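Below you'll find the structure, written out as structure tokens, and then a few comments.
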Amino acid sequence: MAKKLIKVMDTSFRDGFQSIYGAKVLVEDFLPALEAAVDAGIKHFETAGGARFQAPIFFCNENAFETMDKIRATVGPDVKLQSLARGVNVVGLNSQPRDVIDLHAKMFAKHGVNVIRNFDALNDVDNLVDSANSIKKHGLQHEVTITMMELPYGCEGAHDVAFYERVLKNILDSGLPFDSLAFKDASGTSNPRKVYETVKMAREILGSDAHIRFHSHETAGTGLAAYLAALDGGADGIDLAMKPVSGGTGQPDIISMWHALKGTDYDLGLNIKKIMDTEEIFKDCMKDYPISPISLAVNPILIQAPLPGGATATTVNQLKDMGMLDKFPKLIANMKEVVERGGFATSVTPVSQFYAQQSFLNAISDQPWEKANPGYANMLLGYFGKTPCKPDPELVKWASEKLGKEPTTEKVVDLNEKDPEKGLKAAEERLKKAGLPVTDENLFIAAACKDGNVDKGIDFLLGKGQISVNKVSQASQNAKEEASSSGEYTINVNGKAYAVKLESDTKATVNGKSYDISVKSGIEQNVSSSSGSGQEVKAGLPGNVLRINVSQGSNVGEGDVLLVLEAMKMEIEVKAPCAGTVNSIAVSQGDKVVNGQTLVTIG
């Protein structure tokens, strides 16, 4: 009897990058590995969407559409390229109206994508209908998606086989067009038996001709087992990746899956020797990109606190940068309550961020629920759609009070249609005001990359983009080691260079002048400031200065917003504790600040 050929999609160049490197990878660095993968016989890749639309623009100073064109040119015309979209958000920072949703499909078709996998974190089918229609309108294949996860211990009410069956029937009842069905477990926490029963249920409903695919991660250590269960349940395809971006928070490795299928009735249809050779080429391409051990670790605790692959490493690294890594266990412990009381939306973008951010705020506040993450609170109020279960009524009231707005049952896309700040007309006005060409590509970048008052897409198109990629060449590493061994450094502070030589633990030479010094670990809270007399306004937590709303000499009232910090992907308003005049501002936009650092002085 012939073995069943399993259709493999290689996710290395989208989800792999997002899970392991936070999606911050320069396109020219990985094209040789992509070409080698095609030569090895892989014919289906995920290469766009998700965070790999914003990341090239925000962190690589690369136009995402040009990146997509380079990928298509590398793989040739016959290879299937897939993208990931988030329902009404498509690939935007926020949810979008119908004209932007339609332009998304048009542009991705133009720039080489064949298939769009389309999901909603709440499994609210209303959030999938418009994007599904546009995907098919522009000649693309639509892979409708049901998002999965395991609930924290002791929780029940959603994310069982019966729940996924209801979602599938809602999809069918809606009449939205689709070519295939995917089950997407971004946190990698669904237990294998549930995966088997879920896929088996879908196969019985859809019949033998439907294409069913399963997607998971190795984050909780059960990825391979879940894939075997999915295949036994009737899945036709699975998502796999290659080293160095497989395993841990990424997808299971192609070679590992090939090995696990020995002696079974399934065949990946790949020349495994060529895949091994390709992995070596890929590892060489990525050798300058350091990998956090967290990204490649298996962490069973996440079964209790489901976080997707990329979110886990990102959350830990953010806490580390903020000097608050000790809060991670408490953040994880808080996840159960945040998930359960929030209505059991799937922990995948953007909801995974809401969960992590609200859990973090509960961990650092004197009293839990003292502060509200706007995304989480808006979700409770219905502004992202219908959650699988009704949120805790007490939390709905809390969210309403924190945000000063009432709950809604209106469709998300209809709300967006009424928002004058969203849509192609608003994007066109901003492009014209900036003196930029009004092209479809620019319109979509402007619409998808606007984040509140920060017009990140326009800034990029104006040439204000910067490269912020964690990449360390061997030459720079050697230079660092040489400087460390010699004790000689050149330090730039606000554009001024200082030549520093550490003579000993008590002596240093700065620009040729000797000084007595002492070095202590950490930041003392009582370090003197040159911010001038008056009441000092200090940072309540570490972060980056996103924007400053006042200037020296401004008159402010009590409660006025002085500046906004960004921490854990949240905007934190710093308000005036009293009325007065701004005597001094001790920080600049883009500065990193530590907890307790003086920001502004009010006299």
Side-chain angles (χ1 to χ4, degrees), residues 1-13 15-16 34 36-46 75-76 78-82 114-115 117 141 143 145-146 148 161 168 178-185 188 190-218 221-243 245-247 250-280 282:
M1 181 178 176
K3 291 188 175 185
K4 179 179 179 179
L5 180 63
I6 303 304
K7 297 179 180 179
V8 173
M9 180 170 72
D10 184 348
T11 59
S12 301
F13 305 98
D15 204 346
L34 179 59
V38 174
D39 291 341
I42 300 175
K43 300 299 182 183
H44 187 184
F45 298 91
E46 185 186 45
V75 303
D78 299 326
V79 168
K80 184 182 291 186
L81 295 181
Q82 186 157 323
N114 307 110
V115 186
R117 175 177 291 171
Q141 294 179 36
E143 187 163 271
T145 305
I146 297 173
M148 300 179 67
V161 179
L168 178 55
F178 66 94
D179 299 279
S180 57
L181 169 68
F183 288 97
K184 177 180 174 65
D185 181 4
S190 295
N191 74 77
R193 186 64 190 181
K194 181 175 77 174
V195 171
Y196 168 78
E197 295 289 354
T198 299
V199 175
K200 182 172 179 287
M201 168 274 297
R203 176 60 69 201
E204 290 172 352
I205 291 175
L206 297 177
S208 59
D209 293 335
H211 180 73
I212 300 175
R213 180 172 291 274
F214 182 68
H215 168 101
S216 190
H217 294 244
E218 280 287 12
T222 55
L224 279 176
Y227 275 20
L228 290 168
L231 294 178
D232 287 343
D236 305 293
I238 51 178
D239 296 352
L240 299 168
M242 297 185 293
K243 285 297 181 188
V245 297
S246 59
Q251 271 70 62
D253 188 84
I254 294 175
I255 299 171
S256 300
M257 192 74 230
W258 167 81
H259 181 62
L261 292 178
K262 288 179 180 177
T264 70
D265 294 329
Y266 309 115
D267 183 11
L268 299 181
L270 296 170
N271 184 322
I272 212 65
K273 176 62 170 63
K274 290 184 177 180
I275 299 298
M276 291 177 179
D277 293 341
T278 301
E279 286 202 350
E280 294 306 310
F282 195 13

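When a residue number appears, it is its place in the shown sequence, counting from 1. Just so it is clear, the structure is predicted and the values come from calculations on it, not from any experiment.
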Legend entry - side-chain contact (heavy atoms from CB on, under 4.5 Å) assessment of T278 paired with I42: CA-CA 11 Å; T278 301; I42 300 175; 6.0 Å; no
Inset, instruction - Evaluate the criterion side-chain contact (heavy atoms from CB on, under 4.5 Å) for residue pair K243 and I255; output intermediate values, then yes/no. - result: CA-CA 9 Å; K243 285 297 181 188; I255 299 171; over 6 Å; no
Legend entry - Derivation of the side-chain contact (heavy atoms from CB on, under 4.5 Å) call for L224 and E218: CA-CA 7 Å; L224 279 176; E218 280 287 12; 3.3 Å; yes
Inset, instruction - I would like to know whether V8 and M257 meet side-chain contact (heavy atoms from CB on, under 4.5 Å); could you show each step before the answer? - result: CA-CA 10 Å; V8 173; M257 192 74 230; over 6 Å; no
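With a 4.5 Å cut-off on side-chain heavy atoms, L181 and L168 count as touching. Looking at L261 and L231, their side chains come closer than 4.5 Å, going by heavy atoms from C-beta outward. Annotation: side chain of F178 is not in contact with side chain of T145 (no heavy-atom distance under 4.5 Å). Between K184 and D239 there is no side-chain heavy-atom pair separated by less than 4.5 Å.
For residues 260-269, no residue pair satisfies the salt bridge (charged side-chain N to carboxylate O under 4.0 Å, His left out) rule, not counting sequence neighbours.
When every heavy atom of L270 is checked against every heavy atom of G41, the shortest pair comes out as CD2-O, 3.9 Å. Here the closest heavy-atom approach between residue I275 and residue A40 is recorded as CD1-CB, 4.0 Å. Of all heavy-atom pairs spanning S12 and A241, the tightest one is OG-CA, 3.5 Å. Counting all heavy atoms, side chain and backbone alike, G223 lies closest to P252 at C-CG, 4.0 Å. S190 approaches T222 most closely through the heavy-atom pair O-OG1, 4.3 Å. A pairwise comparison of heavy atoms in S246 and D253 identifies OG-OD1, 2.7 Å as the closest pair.
With sequence neighbours excluded, the residues satisfying salt bridge (charged side-chain N to carboxylate O under 4.0 Å, His left out) with K194 are E150. Every side-chain contact (heavy atoms from CB on, under 4.5 Å) that E143 has, sequence neighbours left out, goes to Q82, V115, R117, S180, A182, H211, R213. For D277, the side-chain contact (heavy atoms from CB on, under 4.5 Å) criterion is met by K273, not counting sequence neighbours. Legend: residues meeting side-chain contact (heavy atoms from CB on, under 4.5 Å) with L5, ordered by chain and number and at least two apart, are absent. Residues satisfying the salt bridge (charged side-chain N to carboxylate O under 4.0 Å, His left out) criterion with K80, sequence neighbours excluded, are absent altogether. In this view, K200 and E204 satisfy the salt bridge (charged side-chain N to carboxylate O under 4.0 Å, His left out) rule, not counting sequence neighbours. With sequence neighbours excluded, the residues that form a side-chain contact (heavy atoms from CB on, under 4.5 Å) with V75 are L34, V38, R72, V79, L81. For T11, the side chain to side chain donor-acceptor pair (under 3.5 Å) partners at least two apart in sequence or on another chain are Q251. Residues passing the side chain to side chain donor-acceptor pair (under 3.5 Å) test with S216: none are found, sequence neighbours excluded. F183 is linked by a ring-ring contact (aromatic ring centres under 6.0 Å, His included) to nothing, counting only residues two or more places apart in sequence or in another chain. For Y196, the side chain to side chain donor-acceptor pair (under 3.5 Å) test picks out no residue, with sequence neighbours left out.
The aromatic rings of F214 and Y227 stand perpendicular to each other, their planes meeting at an angle above 60°, with 30° marking the opposite boundary.
For the pair D236 (side chain) and I212 (backbone), a donor-acceptor distance under 3.5 Å is present. Here the side chain of E279 pairs no donor or acceptor atom with the backbone of M242 at under 3.5 angstrom.
A distance of 11.5 Å separates CG of D232 from CD of E197, quoted to the nearest 0.5 Å. Of the inter-residue distances, the one linking L268 atom CG with K4 atom NZ reads 12.5 Å to the nearest 0.5 angstrom.
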